[in-house]
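First up is the structure itself, then whatever we jot down about it.
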Amino acid sequence: MEFQIPRFSYDTELQLEKGNSEYQISQKMLNVSSQIKSDILNRLGEDIYQYKAYPEDAHFCIVAEALVKRHPCLKEPGSFNGCYGWKQRLKYKMGNYRTQLKLQGCPELSVNSLKSKATTDAFPAKKVKRPKRAEANFYPSFPVGETLESLEKERLKLLSEVGIRNNERVIADKMARRFAIRRQEVVNQEPSIKVFQDRWPALFQQNEINAEFQRLMTVSLEPKFMAQLDVYTSQLMRVVCAKGGATHQKTADIMAAFDQNENIHLWRECVLKTLIVYLGEDPDDLIKEYLVSNMHVGTSCQRDTETFSDTRFLCCNNHNS
DNA sequence: ACATTGCGAGCATTTACCAC
DNA sequence: GTGGTAAATGCTCGCAATGT
């Protein structure tokens with residue numbers, strides 16, 4: 001992975017260009033004025049923030065390495081990799097930049113200020129709220145013109161929309177508009193699924209689970225999951241089959257039931273079930289299986305035209321996460 | 001405006017211990 | 001010896017305050 005170094009201000013670029021050509025001739029490092037340093041750190045800090053508010057050490061390394069690669073005159077001959085100093089500066093810069101943004105009311109940062117934390121959690125490194133892996137829209141701001149009160153009012157209205165027939169479109173629109181308040185609720189209060197289900201029943205419909213995942217991760221949940229499952233099927237089966245004892249017998253039974261079938265849905269179900277058995281869990285706890293006679297019409301992977309089962313993932317109601 | 005420090009949380013790794 | 005778990009340890013992290 002390589003970080004794209006942005007263009008700096010005109011005068012910085014001029015000096016860097018000059019420094020680079022001198023470096024090529026004499027390997028001489030550019031004497032970096034505080035103005036240039038400031039410009040470089042500012043631009044890089046902003047660009048890093050586009051990816052992450054809380055980058056890891058390795059991320060700073062990647063950026064620092066890209067910087068000295070792009071501008072060799074910034075190389076630090078004293079350090080083991082030529083850019084350790086830049087990595088440290090970027091770390092400081094990012095910390096100070098977060099403070100700055102927080103003071104300007106950036107929600108995803110002010111949520112971690114000591115004042116915003118509960119008194120029992122008022123320590124800098126305690127319960128820092130930051131995106132989990134691949135969460136792109138972890139703590140969005142409210143839509144322009146909306147407040148906590150207005151969105152809460154809308155949430156209550158949404159409750160009455162859920163029971164109405166053929167109302168998916170309306171619900172989808174409203175759920176999308178209330179994404180920010182829902183996220184803040186999840187992050188701030190960490191509610192149990194039961195509580196959250198009571199407050200946001202529409203979210204637990206299949207299409208809304210997919211939509212929410214798309215909003216949060218910018219990835220299509222089901223297609224992506226199924227595609228990856230297909231990619232790893234043979235490897236997974238090898239691992240599962242290698243296990244002995246009672247698990248072997250159970251997984252062999254599941255395999256036998258589907259062995260003759262070419263329906264891709266059944267295959268996927270089979271793989272997931274054997275995997276769950278392999279991990280020592282009960283497949284019935286996660287997967288509900290049912291026969292449907294008229295589903296997936298027109299999907300490319302349908303092979304069996306009579307009856308086929310589909311595997312649906314259901315959120316367990318009584319688990320906290 | 002950048003750099004440093006202090007503090008305690010929390011994660012990962014190592015070590016110690018126990019039951020089988 | 002193996003597998004599992006608990007305790008100990010070392011290290012990194014982030015905010016806030018402070019230094020330069």
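Worth saying up front: this structure is predicted, and the values here are computed from it rather than measured. Protein chains get the first letters and strands the later ones, always in sequence-line order, with residue 1 at the start of each.
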A/Gln88 CD to B/dC2 P, in whole Å, measures 15 Å

Test side-chain contact (heavy atoms from CB on, under 4.5 Å), reference A/Tyr23, set A/Lys28, A/Lys75, A/Met29, output is A/Lys75

Exercise. Taking it one step at a time, do A/Glu269 and A/Lys273 satisfy side chain to side chain contact (heavy atoms under 4.5 Å, CB included)?
Worked result: CA-CA 6 Å; A/Glu269 184 175 325; A/Lys273 276 186 169 178; 3.6 Å; yes

Got a salt bridge between A/Arg215 and A/Glu208, using NZ or NE/NH1/NH2 to carboxylate O under 4.0 Å?
yes

Separation of B/dG6 atom C1' from A/Tyr92 atom OH, nearest Å, is 14 Å

Cut-off 3.5 Å, side chains only: do A/Tyr97 and A/Asn42 have a donor facing an acceptor?
no

A/Ile40 atom CD1 is separated from B/dC2 atom P, nearest whole Å, by 12 Å

Rounded to whole Å, NZ of A/Lys37 lies from P of B/dC2 at a distance of 9 Å

Between NZ of A/Lys87 and P of B/dA3 the distance, given in whole Å, is 14 Å

Here the distance between atom P of B/dC2 and atom CG of A/Asp39, to the nearest Å, is 10 Å

Inset, instruction - Give a yes-or-no answer on whether the side chains of A/Gln206 and A/Glu222 include a donor-acceptor pair shorter than 3.5 Å. - result: yes

Taking only side-chain N and O atoms of A/Lys93, does any of them lie within less than 4.0 angstrom of OP1 or OP2 on B/dC2? yes

Just wondering, more than 12 heavy atoms not from A/Arg70 lying within 6.0 Å of its CZ?
no

Counting primed atoms, P, OP1 and OP2 as sugar-phosphate and everything else as base, the B/S/- map of nucleotides 13-20 of chain C against protein heavy atoms under 4.0 Å is BBBS----

